[in-house]
Amino acid sequence: MSEDVVKADPPDRRPVDTVPGQAAAEAGNGHGHRNLGIALALISMAQLMVVLDGTIVNIALPHIQNELGFSNANLPWVVNAYALAFGGLLLLGGRIGDIIGRRKVFVFGVVLFGLASFVGGIAQSESVLLASRILQGVAAAAASPNALALITTTFPAGKERNRAMGVYAAMSGAGAAVGLILGGALTEADWRWTFFINTPIGLIVAVLAFRFLGESPRQTGKFDLPGAITGTAGLTSLVYGLTHAATEGWGDTLTLTYILGGLALIAIFLGIEARSRHALMPFRILANRTRGVSFFVMLVVGAAMFSMFYFLGIYVQNIMGYSAIKTGFAFLPFSLGIVVAAQVASSLVARMDPRWISGAGGVLAAGGMLGFSQLEVDSTYWTHLLPFILLLSFGMGLIFVPLTLTAVSGVANEDSGVGSAVLNTVQQIGGAVGLALLGTISTSAIKDRFTELAPGLQKAAQSGSTPEQLKQLEGQFTAVATTHGFTRAFLWSTFLMLGAAVVTIVGLSIKHKDLATDGQSGPVHMG
């Protein structure tokens with residue numbers, strides 16, 4: 001889910017007040033006021049393309065699994081391959097844009113995204129599809145942070161830049177809802193169109209970007225490639241180990257090797273960041289208790305969001321029998337609930353300490369997850385799904401607004417961009433790690449439950465049931481086992497959200513008055 005936007009510039013960028021001059025210079029080169037509408041449309045289209053990919057593929061998962069033969073254990077990689085590459089390289093993508101030019105990196109990102117999407121659309125095997133998802137994540141990490149930065153390069157400070165920021169945030173916010181509906185409609189035709197749609201968008205944006213988007217001034221500095229490589233490799237190894245446990249068990253040598261190897265690489269990454277002058281994630285960002293708590297809670301929230309879309313998307317189609325487009329509309333209340341709750345939280349944050357708002361949101365979200373943990377094969381949408389979708393979405397909305405503000409509270413101007421980008425990063429990484437862990441829990445529970453039911457299938461065969469009857473009975477047992485596995489995952493998500501609520505209430509000490517007078521924070525959108 002998201003992905004999403006961030007406030008302003010990564011570390012070591014030039015002060016914001018130098019940008020209008022650059023924008024003015026670009027105006028003389030054809031990037032003036034008459035082209036600002038086109039420029040905004042290009043940036044917004046690119047961001048929508050990236051945000052859409054966080055939800056659009058979820059609807060297509062059952063169809064991808066059926067056609068390409070993904071196992072239950074491997075299917076989460078369709079989501080995680082993208083999230084790990086995106087989250088792991090997001091900070092590096094913004095930094096590269098600072099140094100060699102944001103427009104160049106932005107164009108590279110959208111072109112690569114379009115090409116990677118085409119490869120995904122024509123994929124005939126698991127490996128090709130997963131490779132395309134990794135490339136999409138790399139492309140998103142290049143395009144997304146530089147898309148926002150290009151607003152400050154292209155739009156003069158003041159009314160026009162503020163309007164552009166508003167449109168950009170709205171596009172990001174609408175992305176999840178649009179992705180659900182569009183994903184359903186495209187999957188109805190063929191799941192491959194959920195990938196193909198990105199190719200013309202990416203190529204058109206890239207061609208027009210050179211004419212209508214101004215280039216940013218280059219800055220001195222170095223790329224923290226060792227940090228990016230060790231961090232991304234460590235997270236990938238950890239997630240692979242967690243996923244591998246679903247089929248081979250927690251005591252398996254390969255499982256332990258990948259998990260311990262991942263943790264070792266993450267430790268090396270932290271050591272590199274602590275010593276690097278050009279760190280992707282400066283430790284001073286995490287040193288503040290308020291920000292540290294905010295990042296941790298958003299990591300957990302990312303896990304809950306990813307798992308909800310993943311498991312419910314499959315449950316609604318495979319167990320309840322909804323079509324792809326009907327599934328998309330079934331999730332629409334979730335987006336609406338977040339929007340309403342965000343408005344409520346925005347009005348409360350000036351009068352109430354953020355820990356109480358987000359803490360209450362965590363409790364509500366846990367209640368939604370607990371409701372999903374009670375699902376059965378014969379559950380209905382209006383009675384057993386919709387109430388808890390609304391409860392979860394309202395809780396998430398209450399969490400997002402205060403924690404988005406506290407995550408960038410007190411950050412120095414030169415770190416404002418990286419502080420916001422870290423918030424995006426922890427959501428993506430939390431989602432990938434959380435889905436890997438919850439997917440393993442779910443897969444193991446499905447296997448155990450089906451093993452318990454298998455004797456019934458044998459008895460039916462011995463009693464003279466026809467092959468058609470046996471196939472029907474096996475389908476019923478599969479539905480029961482799958483539902484059982486998904487509900488176990490939702491139960492663990494309940495515990496995660498309750499833990500996040502406790503950490504928020506106990507650990508978030510900043511007062512609403514202090515937050516209101518903090519001049520360093522700025523507009524941040526959470527997807």
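In this text the structure is predicted, and so the values were computed from the model without any measurement.
Side-chain N or O atoms of S442 include none that pairs as donor or acceptor with a backbone N or O of L438 at under 3.5 Å. The closest donor-acceptor contact from the side chain of D224 to the backbone of A279 lies at 3.5 Å or more, if one exists at all. Counting only distance, with no hydrogens or angles, the side chain of R355 and the backbone of S509 share no donor-acceptor pair below 3.5 Å. Checking side-chain atoms of T443 against main-chain N and O of T440 turns up no donor-acceptor pair under 3.5 Å. S444 places no side-chain N or O within donor-acceptor distance of the main-chain N or O of I441, the cut-off being under 3.5 Å. Counting only distance, with no hydrogens or angles, the side chain of T194 and the backbone of W191 share a donor-acceptor pair below 3.5 Å. Of the possible donor and acceptor atoms, one in the side chain of T232 sits under 3.5 Å from a partner among the backbone N and O of G88. Under a 3.5 Å cut-off, the side chain of Q428 and the backbone N or O of N424 do not form any donor-acceptor pair. Looking only at distances, a side-chain donor or acceptor of N146 sits under 3.5 Å from a matching main-chain atom of A142.
The 12-atom threshold is exceeded at OH of Y322, counting heavy atoms of other residues, nucleotides or ligands nearer than 6.0 Å. Taking a 6.0 Å sphere around CZ of F108, one finds it holds 12 or fewer heavy atoms contributed by other residues, nucleotides or ligands.
Contact record, S346 with V349: O-CG1, 3.4 Å, taken as the closest heavy-atom pair. Taking all atoms of both residues into account, the shortest heavy-atom contact from G485 to A445 is CA-CB, 3.8 Å. Considering all non-hydrogen atoms of both residues, T255 and G241 come closest at CG2-O, 3.4 Å. Between H484 and R449, the shortest heavy-atom contact is CD2-CB, 3.7 Å. Closest non-hydrogen pair, S379 versus H384, comes out as CA-ND1, 3.5 Å. Nearest heavy-atom pair across L256 and G251 is CD1-O, 3.9 Å.
With a 4.5 Å cut-off on side-chain heavy atoms, M305 and M396 count as touching. The side-chain heavy atoms of W356 and L348, taken from C-beta on, include no pair separated by under 4.5 Å. L242 has its side chain within reach of W250: a pair of non-hydrogen atoms, C-beta onward, lies under 4.5 Å apart. In this structure, V119 and L135 have side chains that are not in contact, with every pair of non-hydrogen atoms separated by 4.5 Å or more. Counting heavy atoms from C-beta on, the side chains of S335 and I338 never come closer than 4.5 Å. With contacts defined as side-chain heavy-atom distances shorter than 4.5 Å, the pair L312/L385 qualifies. Counting only heavy atoms from C-beta outward, the side chains of V239 and W77 approach each other to under 4.5 Å. Within the 4.5 Å cutoff, side-chain heavy atoms of M320 are placed close to those of Y381.
To the nearest 0.5 Å, atoms CG (L280) and CD1 (I272) are separated by 9.5 Å. Rounding to the nearest 0.5 Å gives a distance of 11.0 Å between CZ of F283 and OG of S276. Annotation: the span from M497 atom CE to L364 atom CG amounts to 9.5 Å, rounded to 0.5 Å. Between atom CG of residue L370 and atom OG1 of residue T487 there is a gap of 11.0 Å, rounded to the nearest 0.5 Å. Here the CZ atom belonging to F490 is positioned 8.0 Å from the CE atom belonging to M308, to the nearest 0.5 angstrom. The OG1 atom of T327 sits 12.5 Å away from atom CG of L332, with the distance rounded to the nearest 0.5 Å.
Ring geometry for H244 versus Y258: interplanar angle of 30 to 60°, hence tilted. The aromatic rings of F309 and F331 sit tilted relative to each other, their planes meeting at an angle between 30° and 60°. Note: W492 and F495 have perpendicular aromatic rings, judged against thresholds of 30 and 60 degrees for the angle between ring planes.
In summary, the side chains of Q65 and N72 do present a donor paired with an acceptor at a separation below 3.5 Å, with no hydrogens or angles considered. Side-chain atoms of T290 and T406 form no donor-acceptor pair, as typed in the model, at a separation below 3.5 Å.
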*Take Y315 and F486, measure what ring pair (Phe, Tyr, Trp, His ring centres under 6.0 Å) needs, and give me the verdict at the end.*
CA-CA 8 Å; Y315 172 85; F486 287 1; 7.1 Å; no
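Listed by first and then second residue, the salt bridge (charged side-chain N to carboxylate O under 4.0 Å, His left out) pairs involving residues 303-317 amount to none (not counting sequence neighbours).
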